[in-house]
Amino acid sequence: MTTSHWTLALIVLCLIQGCLSTNEWGVSVLGPLPALEGSSAIFNCSFWYPGTLQPARNIIAIWLKDPCLEGSEELYNSNNPNRDPDVEWIGNLDQKNCSLRIKDVQKKRNHIFCFRFIIANKNKWTGKPGLRLIVYARPRTPVISPLELVEGVTTNLKCSSSNIDEKTKPSLKWYGLPDQSAEQCSKDPTVLSSCLRFTPSYQDHNKIINCSVTYSAFAYSDEASITLNVSYAPKNVTIRGDKGSELTIREGNQLSLMCTSNSNPEAMYSWHKREEESGETRLINGSKGTLSFQSITSSHSGFYSCTAANHVGSNTSKTLEIQVQYAPKNVTIQVDKGSELTIREGNKLSLMCTSDSNPEAMYSWHKREEESGETRLINGSKGILSFQSITSSDSGFYSCTAANHVGNSTSKTLEIQVQYAPKNVTIQVVDGSHLEVKEGDKISLVCTSNSNPEATYTLYKREESNDQTSALSNVKGTLTFQHISRSDSGFYSCTATNYIGNVTLNDLEIYVQSSTGILAFAIAGSLVGIGLVLAIVLWIRRKDLFKGKKSENNSQQGMLDLQQGNETTISNSNIVYDRPCMNKSQGDSPSKESADTLVYASIQFNNKSKGLDSENPQLGQIKPGSKQQSHIDQSIDAAVYENMDKYKQSGDIIRRYPEDAVEYACVVFKNKTVDSKAANR
């Protein structure tokens, strides 16, 4: 509304109230004037004076505080308009408008004010009873409490506003919550409050609610808003792996687990691990909800859970299994129940290979032979190696290899010893080349066998004369004759025994030759040798006596005579006599049971004479020192006596004692001829 409008309204009011006087001086105001503390109040005012007076520029405008007399407190004076910054002149003296505005009305302005105007050198006028300003208290901005709420705990939400004037009919109203009945919860008339019963949930956390206070008389409203802070225990506790990580992971890799939850206030986290084998759960360390494995190992496999907690409560996540894949470890060979590693031949044995691995390992078996040291692959089913009927050949060193796609590992070597009765029993002759020995020789008999456990040995002797067998004591598998005698001749046997069984070797015959017979044989042999030497000398000197076929026949006759022990003259050195002492029956051979001995003798004559052989006159033409002479010196007239062998004794030989040996001497004459003619003869 403009100033002219207010002036017109005042004039109309004055006409109605009869404010115009005969002298035409007056002031008109609208009152009383209600105002809300802190708001603006406008004093609508108009005045008039006789029209014969000077213009308004000579008028002084003054607002006085009750009692509006000379000397009363001035609210406004046009001669000092900036005295109070909250008071603003909005009138127009030319239009006879004396309106005034108070910008920020306070309780101290709650008075009666009068307008007074003075026309210089003329007159002055004060409008009474003036304008009454009624200042009402302004409500404070509402306050909502409490700010801290706990999920599930019923609380009275309170909205209150102070500095209330009941005359203004104030009211409070809630916004942002479900419609619920509120009630006045304060007995102080200057305080307006509203209480609302409320049970918060975690979903109400951070919710914004409002409470407003209104004065219907002034169309005034003021409100407050708060964000609910609802404390609640952790919810939706979850474990998740870091980016790129998996819950099935190879040993040595890196893994991080993060525990998250929805909670207020922020939760603290703890980690727990449940061992798969024992079922026990233990607390493990974690920092701010993160569990890190810089180099994960097989021992980290297990079931993990995370607990989030704050002062309201706690909650635990679902269990999460971590599987660490690793190469087999602790590869071990186990023996099945009732089996032993030292086992009797023919029994049953099963070996089981076990390991700690993820994923499950495949198994292979290997055997190392003790003698050769070679290792070979053997069959096994799912880590089990079975022997339904074990044999001595199964003895050896066994190992098992467990493998998966991560790696492999091999067990320690396990030795299996199969115990069995003695096998392959033998008697070996030591310090002797054959079983026919001379009296006084040293000889040892050693009994050996293949057995497990080691066998003990018993040697037996059986007399041929009476067929009596007796055990030889204190020999421990070895029988030694320091000086063997004829009484030691006989049949020997050996029995090898261990706790499983025993095996006996068949009889072995030992024949001891008499030392007297040997001496006689030596003397006879010496005499025969001397006779042979003499015969050869005579043959060399008389080689001209024998020629052609007659010489050949005589040579053959000489060999027969030698066989019979007679003296014979050998006249032809060009004929080779080989094995002249064969027995009449050449099919006869030396008896294996004979006590005869072998004696070897060798006599060689080299005839290097030049021109001594009438049958080979060309020899006299060879020059001494030539190659032909050297060849002849090495080849002709070489008589070799050798190979004195034993044969069956002829029935026509007279022996002093039946056990005496018969000895034969063989003489071989070898003459490598100079020319083909001599060779033919």
Side-chain angles (χ1 to χ4, degrees), residues 150-153 201-206 229-332 334 352-363 382-383 401-411:
V150 178
E151 182 183 30
V153 178
S201 72
Y202 77 96
Q203 294 175 335
D204 294 319
H205 180 61
N206 289 330
N229 185 11
V230 180
S231 297
Y232 55 94
K235 302 179 184 297
N236 304 322
V237 183
T238 306
I239 300 176
R240 61 182 180 86
D242 59 345
K243 185 178 180 181
S245 296
E246 298 179 358
L247 298 182
T248 300
I249 186 171
R250 288 187 62 167
E251 190 172 37
N253 287 359
Q254 183 177 353
L255 175 66
S256 292
L257 300 179
M258 183 176 293
C259 187
T260 59
S261 68
N262 178 15
S263 66
N264 183 41
E266 185 177 356
M268 300 294 293
Y269 297 93
S270 60
W271 292 88
H272 299 83
K273 179 186 178 185
R274 175 169 57 86
E275 302 294 344
E276 185 174 5
E277 296 181 358
S278 64
E280 295 182 355
T281 300
R282 61 183 178 88
L283 179 67
I284 54 178
N285 293 327
S287 176
K288 295 183 179 180
T290 300
L291 182 62
S292 297
F293 304 93
Q294 297 302 320
S295 179
I296 200 163
T297 66
S298 58
S299 62
H300 293 136
S301 293
F303 298 88
Y304 289 80
S305 60
C306 169
T307 298
N310 57 19
H311 74 275
V312 181
S314 63
N315 203 350
T316 302
S317 68
K318 292 182 179 179
T319 300
L320 182 69
E321 182 181 8
I322 293 179
Q323 292 186 354
V324 180
Q325 294 184 338
Y326 52 94
K329 302 177 181 180
N330 305 321
V331 183
T332 307
Q334 298 177 348
M352 179 178 294
C353 188
T354 61
S355 68
D356 177 19
S357 66
N358 185 28
E360 185 177 356
M362 301 294 290
Y363 298 94
K382 295 183 179 179
T401 298
N404 59 18
H405 75 274
V406 183
N408 62 77
S409 182
T410 301
S411 69

Point-to-point distance, once rounded to the nearest 0.5 Å, from [atom1] of [X] to [atom2] of [Y]:
| X | Y | atom1 | atom2 | value |
| --- | --- | --- | --- | --- |
| M362 | N408 | CE | CG | 13.5 Å |
| E266 | N264 | CD | CG | 10.0 Å |
| N229 | N206 | CG | CG | 7.5 Å |
| R274 | Y304 | CZ | OH | 12.0 Å |
| R282 | K273 | CZ | NZ | 5.0 Å |
| Q254 | S292 | CD | OG | 7.0 Å |

[X] vs [Y] side-chain heavy atoms within contact, under 4.5 Å:
| X | Y | value |
| --- | --- | --- |
| F293 | I249 | no |
| V406 | E251 | no |
| N404 | P328 | yes |
| S355 | Y363 | yes |
| S301 | I322 | no |
| S298 | N358 | no |
| V331 | T401 | no |

Do you know the tightest heavy-atom contact between [X] and [Y]?
| X | Y | result |
| --- | --- | --- |
| H311 | P265 | CE1-CD, 3.3 Å |
| I296 | R250 | CG2-O, 3.6 Å |
| S201 | V230 | O-CG1, 3.5 Å |
| W271 | G289 | CZ2-O, 3.3 Å |
| N315 | P234 | CB-O, 3.2 Å |
| C259 | V237 | SG-CG1, 3.6 Å |

Can you say whether the rings of Y232 and H205 are parallel (under 30°), tilted (30 to 60°) or perpendicular (over 60°)? perpendicular
With sequence neighbours excluded, what pairs up with N236 under the side chain to side chain donor-acceptor pair (under 3.5 Å) test? none
Once side chain to side chain donor-acceptor pair (under 3.5 Å) is applied, do any residues pair with K235, and if so which ones, sequence neighbours excluded? E151
Residues passing the ring-ring contact (aromatic ring centres under 6.0 Å, His included) test with H272, sequence neighbours excluded, are none
Between S305 and S317: side-chain donor-acceptor atoms closer than 3.5 Å: no
